[in-house]
Amino acid sequence: MADSAKTSNFLTDIVDADLAAGRVRGPIVTRFPPEPNGFLHIGHAKSILLNFGLAARYGGRAHLRFDDTNPTTEETEYVESIENDVRWLGGDWGEHLHFASDYFGKMYECAERLVVEGKAYVDTQSQEAIREQRGSFERPGAASPHRDRTPSENLDLLRRMRKGEFPDGAAVLRARIDMAHPNVLMRDPLLYRIRHASHHRTGDAWCIYPMYDWAHPLEDAVEGVTHSICTLEFESNRELYDWVLDNTGPWDPRPRQYEFARLALGYTVMSKRKLLQVVNEKRVSGWDDPRMPTIAGMRRRGVTPDALRDFADLIGVAKNNSVVDIGKFEFCVRGDLERRSPRALGVLDPVRLTLVNWTGPDEELDLPWWPAEPDRGGSRKVPFGRDLLVERDDFSAEPPPDWKRLAPGREVRLAGAWVVRCDEVVRGPGGEVEEIRCTFDPASRDATRRGIGTIHWVHGSRSIPAEVRLYDRLFTVEQPDAEGNFLDVMNPASLSSAPGARLEPALHDAAPGTHWQFLREGYFFVDPVDSRPGAPVWNRTMTLKDTWAARAAPADPGRPARPAREPAVPSTPRRSQGDVRAEQRAADPGLVAIHARLAAIPGVSPDQADLLAADAATAAWFDSAVAAGGPPGPTARWLLNELLGLAGDHPLDSLPLAAGAFGRFVSLAESGRTTGAGAKALLQSLVERPGDPADRLAELGLEKVDDRAAVEGAVARVLGAQAAEVARYRSGEKKLLGFLLGAAMRETQGKADPALLRKVLQEALG
RNA sequence: UGAGGCGUCGUCCAAUGGCAGGACUGCGGACUUUGGAUCCGCGUAUGAAGGUUCGAAUCCUUCCGCCUCAACCA
């Protein structure tokens with residue numbers, strides 16, 4: 001957990017940058033915005049931990065906000081379970097428990113404002129007509145016949161919608177953006193729909209309800225959220241999110257939306273629909289069935305919030321779609337339970353073991369709860385005697401070579417007690433083992449005996465029966481979602497019981513909600529729901545890691561190795577970027593001429609000419625730069641390879657760096673007065689802030705250093721500071737030359753002549 | 001086919017032009033009154049090609065692959 005404060009990810013990078021640039025002046029505010037229409041699962045846990053963790057890391061706050069904008073699907077009972085789950089995970093929202101429905105009034109005001117400003121209109125077409133007009137990915141949409149209603153007309157209609165004069169579906173409010181927008185979400189999206197339905201909080205106060213894309217940004221803005229974090233599938237919604245805020249503000253702070261990859265976990269499903277289906281079809285006992293990936297299910301199984309936090313830290317946060325190995329989850333659960341579980345004895349599938357030379361009465365062994373950590377204290381009495389029970393699997397009549405358990409003639413230690421030797425096996429009529437007869441070594445209780453195994457046991461008659469539930473993965477394949485029908489790959493053995501299980505008597509009064517390790521069997525949790533006083537029900541949270549079983553069992557193929565990559569075959573005659581430019585040229589005689597002219601310039605390669613002639617503006621910019629003194633070849637190179645990267649999404653015309661200044665820059669860069677690295681630093685500076693290249697060069701002190709003495713000084717300093725690396729280099733790690741060269745280059749702030757520096761460094765290294 | 005996003009060990013995540021690193025898994029070993037735990041060791045991964053640079057996972061170009069988006073759901 002201490003780690004989560006240290007580890008960074010792309011979101012902490014963003015916050016750091018926002019803070020550094022002064023873009024956010026107040027506290028960092030995040031939120032977890034569930035819709036109250038289902039149970040939270042481990043994917044939500046990742047999001048909760050991320051949002052609350054981010055706020056905590058920066059001393060800000062995180063809100064719990066219910067996104068209850070759809071009265072027909074949402075219910076109060078879910079609100080309670082969600083609050084409970086978030087709190088259980090450690091989410092502390094303080095005063096900030098919010099409901100989208102609390103802002104319905106404010107949202108409506110914003111809607112009227114949009115209407116008045118002509119940025120929204122009431123559409124009274126049918127749902128089908130509106131969908132039809134939206135167009136497709138390839139084809140633009142068509143305008144609604146109601147798109148140009150006047151503001152006063154729209155205002156009247158909107159108010160009548162709100163008053164309930166129209167039935168469901170008769171009218172919607174739409175933003176007036178652009179029906180030809182390449183992002184289909186921007187084609188006049190719906191803001192409000194009519195629903196004559198009772199809301200779980202606002203009752204019948206409203207009959208129009210806001211859509212997600214309208215409501216969500218406003219909720220964030222009203223609450224002062226600074227960083228609105230959601231999952232990847234909302235990436236295309238961001239453009240609309242920004243539009244809403246830009247047209248309803250100004251907002252301070254102005255929220256920004258960022259997206260991360262939601263959690264996908266192997267051997268389970270995460271979609272609400274599929275989870276709901278297994279619950280409804282009674283394939284599990286309910287939302288809190290311990291096999292479910294729900295927070296409620298995991299809690300009931302015995303997984304702790306600490307384990308979930310460890311897991312979230314382990315898997316990190318990024319934008320890659322990925323499927324996390326279920327083994328990582330199991331690792332975190334085991335690690336957590338290992339630390340918190342006292343050790344007890346329980347036999348799941350017992351077989352009788354008789355100590356033929358035990359002639360006295362039973363003994364009460366005093367065994368510590370923490371055999372490996374005596375300092376933690378505590379112990380209990382465990383009855384021991386002639387008649388015992390051990391695990392059926394711990395005996396083998398014909399053991400494999402490295403068997404370390406019971407077998408005819410073999411010795412084994414009974415945990416916490418004596419070493420016994422198997423003398424005789426009694427079999428039933430069907431040949432099954434009924435009794436294992438052993439002799440014990442009275443001198444072995446405290447004596448070290450190397451090389452033999454240890455097995456667990458309970459007393460034959462004084463152990464207690466118990467209800468034990470064994471859980472396994474819900475699905476048999478790593479990616480059930482990839483199957484035609486995920487129900488087909490449900491694991492029929494995901495729940496099993498151990499009808500004959502016997503536990504040591506001290507477990508009789510184990511309290512519900514407590515964690516235990518049954519020695520060599522796994523971690524068990526006393527079920528908080530079905531347990532009764534004196535009759536605990538045991539859930540196996542997780543087996544112990546079992547290297548023996550892994551070795552002995554036929555290898556689990558697991559995840560197939562990634563198939564070898566085949567070399568790319570340019571098989572499909574798809575339209576390439578180059579083709580697109582060629583087509584554009586074909587349609588524009590002006591571009592053809594430009595391309596021909598650029599291609600004829602000595603020093604400009606055909607590829608460069610193609611790229612420069614992509615559009616008239618770029619070509620004109622290039623021409624101006626050359627006219628100002630930039631040699632054509634280098635100008636093309638600097639423009640295409642460096643400037644484009646620096647400019648990012650901004651068109652060249654919008655840069656603080658004018659084309660003429662760029663031409664003078666190239667001329668300067670090629671003059672030899674500075675190095676490549678120096679020129680790059682200079683260009684970056686010029687892109688950020690206008691100015692004369694030569695002046696800026698002097699201002700930044702980027703003149704090339706080709707004074708041999710200065711270079712030698714820098715090399716000497718670096719070699720002194722990097723003694724260990726120098727030694728490694730001299731002992732043969734030649735790849736370190738690049739590292740040392742880089743260090744020396746940094747020492748001169750990139751100003752040393754690379755060829756000279758390399759020469760001096762190599763001489764110094766011998 | 002329009003728009004947006006993503007490609008790094010088997011898996012997840014780092015490296016922000018300078019030694020491709022950590023964790024999980026796996027495999028060895030040590031230790032062990034849990035075949036657990038603990039400790040030690042083991043790594044041919046930057047989707048491909050071309051370019052820029054003294055130096056590229058990182059910048060440019062092209063290609064390849066995967067994901068998301070056209071609900072009066074969120």
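The chains referred to below are lettered A, B, ... by the order of the sequence lines, with proteins before strands, and numbering in each begins at 1.
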Practice problem: Could you please name the partner base of B:rG7, counting Watson-Crick and G-U wobble pairs only when both distances are under 3.5 Å? | Solution: B:rC64

In terms of side-chain geometry, is the basic nitrogen of [X] or [Y] positioned less than 4.0 Å from the acidic oxygen of its partner?
{"X": "A:E235", "Y": "A:R238", "result": "no"}
{"X": "A:R134", "Y": "A:D123", "result": "no"}
{"X": "A:E521", "Y": "A:R540", "result": "no"}

Is a donor-acceptor pair below 3.5 Å formed from side chain [X] to base [N], judging by atom type as modelled?
{"X": "A:K680", "N": "B:rG17", "answer": "yes"}
{"X": "A:E725", "N": "B:rC19", "answer": "yes"}
{"X": "A:R131", "N": "B:rC72", "answer": "no"}

Go through [options] for me and flag the one nearest to the [X] side chain.
{"X": "A:N320", "options": "B:rC12, B:rG36, B:rC6", "result": "B:rC6"}
{"X": "A:K328", "options": "B:rC12, B:rC19, B:rG35", "result": "B:rC12"}
{"X": "A:E235", "options": "B:rG4, B:rU62, B:rC19", "result": "B:rG4"}
{"X": "A:N70", "options": "B:rC19, B:rC60, B:rC73", "result": "B:rC73"}

For [N] and [M], measure between their [atom1] atoms and round to the nearest Å.
{"N": "B:rC63", "M": "B:rA70", "atom1": "P", "answer": "27 Å"}
{"N": "B:rA45", "M": "B:rA57", "atom1": "C1'", "answer": "11 Å"}
{"N": "B:rG65", "M": "B:rA48", "atom1": "P", "answer": "15 Å"}

Quiz item: Under 6.0 Å between ring centres, would you say that holds for A:F234 and A:Y212?
Solution: yes

Quiz item: For A:F137 and B:rC69, is the gap between ring centres under 5.5 Å while the planes differ by less than 30°?
Solution: yes

